[in-house]
Amino acid sequence: MQDKYNFSEIEKKWQDKWAQTNAFKVTEDPDKEKYYVLEMFPYPSGKLHMGHVRNYSNGDVIARFKKMNGFNVLHPMGYDAFGLPAENAAIQHNVEPAEWTWGNIAEMNRQLRTLGLSYDWDREVATAHPNYYKWMQWIFVQFFKKGLAYKKESSVNWCPSCQTVLANEQVVDGCCERCGSVVGKKNLSQWYFKITDYAERLLSNLDQLEGWPNKVKIMQRNWIGKSHGAELTFKIKDYDEELTVFTTRIDTIYGTTFMVLAPEYPTLMKMVEGTEYEKPAKEYIERCARMNEIERTSTTNEKTGVFIGKYAINPFSGQEMPIYIADYVIMGYGTGAVMGVPAHDQRDFEFAKKFGIDIIPVIDVHDPDIDLNNLQEACAAEGTLINSAEFTGMDNKEAIEKIAEIADERGIGRKTINYRLRDWLISRQRYWGTPIPMIYCEDCGWVPEKEENLPVLLPTDVEFTGKGESPIVTSKTFVDTVCPVCGKPAKREVDTMDTFLDSSWYFLRYCDARNDEAIFDKDKVDYWMNVDQYIGGVEHAIMHLMYARFFQMALYDLGLVKDEEPFKNLLTQGMVIKGYNDSNGNYIKAKMSKSLGNVVGPAEIIEKYGADTARLFILFAAPPERELDWSDQGVEGSFRFLNRIWRLVAEFLDKYENKPGEYEIRNEADKKLNYMMNYAVKKVTEDVRDRFNFNTAISAVMELVNEMYRYKEGDVNDALLSTVIRKMLILLAPFVPHITEELWSELGYEGSVHEQSWPSFDEKALVKDEIEIVVQINGKNKEKIYIPAEITRDEMLEIAKENDIVKGLIQGKEVIKMIAVPGRLINIVVKG
RNA sequence: GCGCCUGUGGUGGAAUUGGCAGACACGCUAGAUUUAGGUUCUAGUGCGAGAGCGUGGGGGUUCAAGUCCCUCCAGGCGCACCA
């Protein structure tokens with residue numbers, strides 16, 4: 001055996017071998033328990049970064065561990081291959097998006113293989129491949145037929161830089177999630193998915209997702225934004241229209257002194273038409289329309305608005321209340337109309353102050369610090385109703401129920417629920433995406449392409465200008481077609497789908513990735529789904545993870561899958577960060593990024609130390625959910641540990657014969673090593689299986705290796721040492737697959753270390769005869785005593801009291817209490 | 001503003017059920033090996049001269065608190081004029 005740990009040679013050798021033998025191919029096996037482990041698939045940018053390496057290393061440990069524990073493991077990989085960068089490459093470098101994408105995928109495949117990951121490559125998918133997007137279009141058609149896809153014109157988020165619309169979820173702080181440009185508004189006719197039909201299920205199912213991090217569930221709950229309240233209808237004085245508002249505080253109805261409509265309120269202009277209020281209203285609405293999302297939603301803005309000359313009638317008090325337009329009311333939430341209760345809502349309070357509207361307190365909050373008749377700010381607390389006719393004196397929670405009930409009886413309102421979640425806008429004015437398989441016919445309207453004609457292929461005769469509409473309109477072959485229903489000339493939809501659709505069901509396609517006849521075979525999906533362990537970054541907490549849940553539910557309703565939820569357990573891994581010195585020389589830790597110059601590429605680490613070292617460092621430096629602080633010195637340390645193992649095995653083979661099996665425990669040294677070995681097996685098993693604490697699992701093996709180094713300097717029991725080495729290699733195999741495979745073969749073992757079953761541990765070896773017990777006096781550590789392990793509480797205390805140091809410390813003092821915790825400590829409480 | 005998370009040596013982190021704080025690793029110090037550097041090996045390494053003191057600060061519960069409760073501070077994340 002070579003003295004030197006020649007990682008590059010070893011890693012290449014085994015990667016080739018695994019590829020040739022298709023080592024990680026799996027098929028359905030009803031006799032075995034299945035385990036589906038999935039890492040979020042990458043966008044094929046062409047270059048792997050450390051975040052990818054961390055993601056896939058985590059998944060690979062779990063996959064290999066589960067396989068060694070007897071599970072039939074599905075561990076696939078693929079590419080989220082549609083998207084804007086390919087199109088930008090086309091504009092900037094004049095390369096076809098397809099060519100650019102397939103080239104990147106080939107390059108990423110090569111890089112992924114250098115990491116030694118246990119994927120079943122036969123199941124690889126790429127969403128930009130017609131074999132994949134054919135079924136994406138098929139799903140769209142099913143959704144359309146079920147009424148889940150519809151087209152409507154409305155004011156949408158428009159990114160002026162990407163030249164496309166964005167979903168609500170893709171607007172972050174008023175800016176485009178992708179490019180950071182300030183998002184504007186535009187009226188366009190676009191395709192939507194009715195995700196709001198699923199709001200309640202998306203919300204309530206979260207409770208069943210016990211294997212999901214709380215943080216993600218809370219974020220989804222907030223995003224869905226369920227709000228209990230009531231709708232209430234107001235008549236308008238001398239005008240034949242009613243206004244309906246949504247409110248969570250119908251108990252404050254007697255404190256309502258004005259009404260506010262959103263600038264986009266549909267019948268607004270009709271209300272002011274031909275009156276003196278038409279001009280100011282129009283000006284105000286236009287001013288709002290010009291504002292971008294940031295200006296519009298800034299909470300620091302002073303309230304603005306204009307009176308429209310009409311009065312609503314409070315259905316309970318009969319009072320006439322002026323109606324205003326104000327931009328603090330949003331058309332997208334509730335009804336776009338709000339009842340103004342300045343005494344008990346801060347925004348209404350500010351508005352009322354500015355416009356000199358009455359502030360009538362109707363809830364007594366029983367707080368001596370608050371003067372209800374001279375409020376300095378709105379008071380939103382619970383309390384007792386005042387100034388509220390027959391409801392005065394009622395508890396406000398009771399009043400919420402009662403008033404809604406009466407409104408219902410009178411036919412002017414009812415209890416209702418509102419969600420913040422909006423329907424999902426899925427059209428994109430882009431080329432490099434799945435074509436929406438819809439056709440517009442003058443007579444038949446929007447009709448889907450016939451299923452036998454799918455896929456609707458992306459045309460290749462297009463020009464990439466980067467301006468305005470979808471580049472597909474420039475195709476001479478795509479747009480004109482015939483109506484699938486009546487056969488008359490018709491036009492195809494030129495927009496493509498949001499790429500988040502592609503990634504909302506790829507985990508299902510992996511179950512049967514090469515099926516040309518159907519989206520997938522139901523038996524196969526029923527066997528593999530759900531995903532037992534999903535792993536990815538927390539940045540996907542809302543969009544991807546909610547869209548995928550929506551798809552799964554909709555497909556469930558179509559009878560295509562057997563569960564409503566796709567991902568049983570979710571692991572959200574932390575970012576990879578690295579310290580750097582900023583322009584002032586301060587040391588700052590931040591996410592690896594090109595602009596900060598604190599990037600370490602996987603390729604350079606693999607070249608210098610090998611994939612096993614890169615994996616080991618990443619797995620050892622922090623538990624998966626935390627941020628990972630990149631440290632070049634830490635990488636050196638991991639490399640050192642692998643060299644240490646290499647030398648240990650080399651020296652062993654030099655001196656002894658490898659003969660694992662029966663061995664005798666001859667002395668204390670044997671016993672200690674045997675203990676450490678069993679302890680490591682127990683620790684690694686439990687840390688990986690129950691907690692994904694890979695860092696502490698690795699540290700347990702490090703302790704074992706340290707013990708082996710001590711042990712080999714003494715009287716060596718070669719059968720025992722052979723066994724320890726064998727088990728150590730198996731324990732490390734999921735983390736560092738190449739070096740363990742090489743050493744396995746050097747030791748003369750048949751087959752692959754990765755085919756071995758996971759070792760068990762001997763409980764008996766973990767029982768110690770004598771244990772160390774801490775003796776505390778008044779809770780302070782004073783002495784350590786060694787006592788037999790099997791001993792009663794009373795015997796423990798006797799031994800402690802006989803100890804000279806303890807005796808001295810309690811002499812002349814009154815012993816008040818003695819506490820003995822078997823196996824841990826003794827605490828003697830004394831006075832005086 | 002609301003919601004959530006995190007604060008432990010010089011550094012990354014450990015302490016799983018309230019029971020020896022600092023496992024393991026990095027770094028550092030000394031020594032050995034080496035012509036030298038590197039590698040490797042050995043010993044030491046929370047602070048303090050010491051009794052002691054130590055898990056962001058303050059308070060509490062308990063025989064016992066990194067862990068439970070209250071409160072404040074700092075950093076991070078999410079949502080945000082959501083009626």
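These numbers come from the heavy atoms of this one structure, side chains and all, not from hydrogens, waters or symmetry mates.
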Considering only the C1' atoms, how many Å lie between B/G56 and B/G52, rounded to the nearest integer?
22 Å

Kindly say whether, by distance alone, the side chain of A/N827 makes a donor-acceptor pair under 3.5 Å with the base of B/C63?
yes

Just N and O in the side chain of A/N222: are any of them under 4.0 Å from OP1 or OP2 of B/A80?
no

d(CD, A/E377; C1', B/G1) in whole Å
11 Å

Neighbour count above 12 (heavy atom, 6.0 Å) for A/K608 NZ:
no

Look at A/K415 together with A/E401 and state whether they make a salt bridge at an N to O cut-off of under 4.0 Å.
yes

Do you know which two heavy atoms are closest between A/L825 and A/I773, and how far apart they sit?
CA-CG2, 3.9 Å

Using a heavy-atom cut-off of under 4.0 Å over every strand shown, decide if A/V329 touches base, sugar-phosphate, or nothing.
base

Classify A/L825 by what it touches in the nucleic acid, base, sugar-phosphate, or nothing, heavy-atom distance under 4.0 Å.
base

Rounded distance in Å between the P positions of B/A65 and B/G54
11 Å

side-chain N/O A/K215 vs B/U6 OP1/OP2, d < 4.0 Å
no

So, is A/R420 near the phosphate of B/A80, with a side-chain N or O under 4.0 Å from OP1 or OP2?
yes

OP1 or OP2 of B/A25 under 4.0 Å from side-chain N/O of A/N706:
yes

Sugar-phosphate, base or nothing in reach of A/E627, heavy atoms under 4.0 Å:
sugar-phosphate

Students often get this wrong, so: under 4.0 angstrom with heavy atoms, is A/G225 touching a base, only sugar-phosphate, or nothing?
nothing

Determine the interatomic distance between P on B/G75 and the same-named atom on B/C82; round to the nearest Å.
26 Å

Report yes if at least one side-chain N or O of A/R647 is closer than 4.0 Å to OP1 or OP2 of B/U39; otherwise report no.
no

Grab the CG-C1' distance between A/L619 and B/C26 for me, whole Å please.
17 Å

Which dot-bracket string describes RNA chain B (Watson-Crick N1-N3 plus N6-O4 or O6-N4, or G-U N1-O2 and O6-N3, all under 3.5 Å; [ ] crossing; | other strand)?
(((((((..(((......[....)))((((((.......))))))((....))..(((((..]....))))))))))))....

So A/F694 and A/F692, would you call those rings parallel, tilted or perpendicular, with 30° and 60° as cut-offs?
tilted

Is it true that A/E350 and A/R347 have a side-chain N and a carboxylate O under 4.0 angstrom from each other?
no

Just to be sure I understand the rule, does A/K782 reach a base, reach only the sugar-phosphate, or reach nothing, if contact means heavy atoms closer than 4.0 Å?
sugar-phosphate

What's the verdict on side-chain contact (heavy atoms from CB on, under 4.5 Å) for A/I645 and A/F641, showing C-alpha distance, side-chain angles and the deciding distance?
CA-CA 6 Å; A/I645 289 170; A/F641 174 66; 3.5 Å; yes

Protein-nucleotide distance (A/D629, atom CG; B/G75, atom C1'), rounded to Å
15 Å

A/R221 vs B/C79: side-chain N/O to OP1/OP2 distance below 4.0 Å:
no

So, is A/R640 close to the B/G27 phosphate, meaning a side-chain N or O under 4.0 Å from OP1 or OP2?
yes

For B/G13, measure the glycosidic angle (O4'-C1'-N9-C4 for a purine, O4'-C1'-N1-C2 for a pyrimidine) and name it syn if it falls within 90° of 0, otherwise anti.
anti

Within 45° of the six-membered ring axis of A/Y711 and under 6.0 Å from that ring's centre, is NZ or CZ of A/K672 located there?
no

In this structure, how many angstroms lie between the C1' atom of B/A25 and the CG atom of A/N695, rounded?
11 Å

Is it true that A/K801 and A/E798 make a salt bridge, defined as a side-chain N closer than 4.0 Å to a carboxylate O?
yes

Applying a 4.0 Å non-hydrogen cut-off, can you work out what A/F620 is touching in the nucleic acid: base, sugar-phosphate, or nothing?
base

For the P atoms, the ones on B/U61 and on B/G10, what distance do you get once it is rounded to whole angstrom?
31 Å

